[in-house]
Structures are given as structure tokens and as C-alpha cells.
Amino acid sequence: MSNNNINTKVIHGGIAEDETTGAVSIPIYQATTFRQVELGKTKAGYEYGRSGNPTRKALESLIADLEEGAAGFAFASGLAALTTVLFLFKSGDKILTSQNVYGGTFRILDKIFKNFGVSYEIVDTANLMILEETFKKDKNIKGLIIESPANPLLTITDIKGAAEIAKKYNALTIVDNTFLTPYLQKPLTLGADIVIHSATKYLGGHSDVIAGLAVTKDPTLAERIGFFQNAAGSILEPFDSWLLIRGIKTLAVRLDRHLENAAAVAEFLKNNKAVKEIYYPGLKDFNGYEINKKQSKGAGAIISFILSDNYDYKIFFKNLKTIALAESLGGVESLACHPASMTHASIPKEIREKIGITDNLIRLSVGIEDKNDIIADLEQAINPAGKR
Ligand SMILES: *Cc1c(COP(=O)(O)O)cnc(C)c1O
């Protein structure tokens, strides 16, 4: 790729064309096996669909390009990507993770890897002093999982600072970049070792494909992750790989509109008396605004807010019309979710309350509809929720 601008890269990055026909859209190679030239010799490096598929390969090289990594890997879901990356650790190792990460990330550590002797500790990664103290205390810490902004309170972690500390203690830094995508933030350039994505969200962008991606800049890690991808087998299918490539082509234009709309919605909520607290890294008085500004090109389009005590969140959700009450985020349509009972229900209530995921917390994924329609919908849902 000669042109390095990401607006161009989302369209022409990776393997963007079919070499044999010149088709500008990579074909869906719906094949499980590939005829071999002779014993031990393949035509183009493909043998069996789990090990490699040309459509998936095109996607994998595209995401590697976008994240400025050495190699990319596509999986059946974001959690499949994370699980596969976690195979890098072994019994006795400990993993640190941000306070509020995606509920499913916590669940994998707590309910699966813990049983195999890989322990975890939740730490406030936004506080680098606490992070370093935690590393100092336990030499078994071999990994650090960060989300910045984190889910659902948009907590910002200084990725460069955190990765430097992890490196000092010989631990791998894994960044879940789902919320900002490489269009806005490139963790590998900030020192992270591995980036993972729930591509189900902004990268796919149309709420029609479940997919996960992992990228690393280190060839040795790439070889190991590639081995695990083939060995464990939770690969992305050719059709879904193609859908994801198609979604990524419009990532830049979609995100520009997401950002514009989110800024308007944040302004509306900030000035609304029904809103007790608002969490959006694009607001100047948000804790972490400066760090997010330094390490990314934008604040994304996820906004969380707490309704005032005299407002009933159940009535708010019931009244929404344009905005759908639904799990997930990052699609073209605006969605609202109730983290306590939906995305973060797998976290025990005591821990949930402690990390600020209270019952009247609402998370919005601001879509690309007309911003005035989104705001009007919020307004007509909030007003009747006030208790008399
Ligand atoms: C949705 C999500 C995941 C899980 O991804 P799936 O594609 O649903 O498996 C992981 N991390 C974050 C930040 C997410 O939003």
C-alpha cells in the first residue's frame, strides 16, 4: 500500500482485489478444501478452510494494515478472539484487567480460565501508580487487559503509560479497541502487544455479523496466535469475512457521523435536569478527556448517563421509539441498553455497584440517523419518566 491515509486504507488496504479476475470486491471463497498440486505442494498456500481461506485472509491482512500490526486473525466472535489470545497464558499466570471491561471478558476470566489456573485481578488501570504497585506485588502477572474507553463508564486508561509498566514487568498488554476502532485509536502504536476487536460493533457497523479480530505487531506472537486459531478452530466463515470487509469500507464516513451525532447528544444530556451524571470522553470536564485526546482522534459514540433519582429508567426505556432498547453497539442505528441487567448482568451485584454500574445507568450507542431525531426521541422518553 503506497497510500497511508486511513480513509484510503479502509477501502484499499490488505488484499483488496481478486488477483485472478480483478474483481474490486474480494470473492467469497466458499470452499472447505483446496486441491493440491502434488504431495506437500499447494497452489496458493491454502489446504483446509480452518487453517486458511482467501476471503478470511483478505480481512486479516486488512485489519493488520489498519492497526499497523504484523498479522491479523479473524474469529467467530469478539469473545472467540479474546479466548484464543488468552491461550498465550498458562497455569500459574495472573492477568490484570480494567475495572469496567465488557461483562463477557470478565466472565471468561472468572468462569473459565480461573479453572485452568490462570487467575485474574481487577485493577484501576486509569491510575498508573496503583497499576505499577499491583505489578510490583506479584511477579506472576503476565498479562494486562485494557479497554479505553472502557465499558460502560468510558473510563480512560493511558495506554502508552500502562503498556510501558507492563513491559517493565514482562507482561503482555492486550487492548480491546472495539469502542474506537483503528480509525480513531491505534493501540499497537502506543506500545500494546495485541489488539482485539468485537468486530460485531463498529467495524461491521450494520448489526448483521458477529465477528472478532486480533492483531499483533510481534512476529513470534503472531505465529503463536495463528497456531491457536487453527488448533482451537473458532474461525470466521468466508461469508461473514466478506460482510466485515464490506462494513470496514465505510468505517471512516460512518465514524465521522457517529462523532458528530454523539457530540450533539452529549451536549443535550449535559444540559438536562433529568440527568444526574454523564460519561462521555468528548466532554472537556470528563475525567480522562485530556488523555483520550492525546492518544486518540476522537471520543467515539458511546455515551452513558445516570438518570436522576426522581426519574424511572424503566419508563424511559419503554418510551423510546427511534432508539431501540437492545444489546450491542456500534451499528448505524441508535441503541439504548441497561448495563446492570444486560451487558454487565454476569458481574455480581456487589462488584457492579462498587464499580459504578448502578440500576439507573443507561448506555447509548449513538447511531448515524439525523441527530435532531435522536435528541427528540431521548427528550420524549425522558420527560414522562419523571416521577410525580
Ligand atoms: C461486544 C463486545 C465484546 C464481545 O464481542 P462479541 O463479538 O459479542 O463476542 C468484547 N468487548 C467489547 C468492548 C464489546 O463491546
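For ligands, and for the atoms within them, numbers begin at 1 and follow the listed sequence. Just so it is clear, the model here is predicted, and its values are computed rather than measured. What's counted below: heavy atoms across the whole structure, side chains too, no hydrogens, waters or symmetry copies.
- Side chain of S148 to main chain of T157: a donor-acceptor pair is present (N/O by atom type, distance under 3.5 Å, no hydrogens or angles).
- Checked against K186 for a side-chain hydrogen bond (donor to acceptor under 3.5 Å, both in side chains), the options E68, Q295, E67 give a single hit: E68.
- With ring centers used as reference points, F106 lies under 6.0 Å from Y120.
- Close contacts of ligand 1 with D176, meaning ligand atoms under 4.0 Å from a residue heavy atom, involve 10 (C), 11 (N), 12 (C), 13 (C).
- Using the six-membered ring where Trp is involved, F73 and F75 have ring planes that are tilted, between 30° and 60° apart.
- Distance alone, capped at 3.5 Å, places no donor-acceptor pair between the K57 side chain and the G52 backbone.
- When hydrogens are left out, the protein atom nearest atom 4 (C) of ligand 1 is Y102 CE2, 3.3 Å; that is the closest non-hydrogen contact.
- In this structure, atom 5 (O) of ligand 1 lies nearest to the protein heavy atom S198 OG, 2.9 Å.
- Closest heavy-atom approach to atom 14 (C) of ligand 1 within the set K201, E327, H197: this belongs to K201.
- Using a 4.0 Å cutoff on heavy atoms, A211 counts as a contact of ligand 1.
- Below 3.5 Å of separation, one finds no N or O of I210 facing any N or O of ligand 1.
- A cation-pi contact links K297 to Y183, judged by a cut-off of 6.0 Å to the six-membered ring centre and 45° from its axis.
- In this pair, F87 and F228 present their aromatic rings perpendicular. The plane angle is above 60°, beyond the 30 to 60° band.
- Atom numbering of ligand 1 starts at 1 in the shown order; those under 4.0 Å from a heavy atom of T178 are 12 (C), 13 (C), 15 (O).
- The shortest N or O to N or O distance between T105 and ligand 1 is not below 3.5 Å.
- Contact annotation for L79 and ligand 1: heavy atoms of both the backbone and the side chain come within less than 4.0 Å of the ligand.
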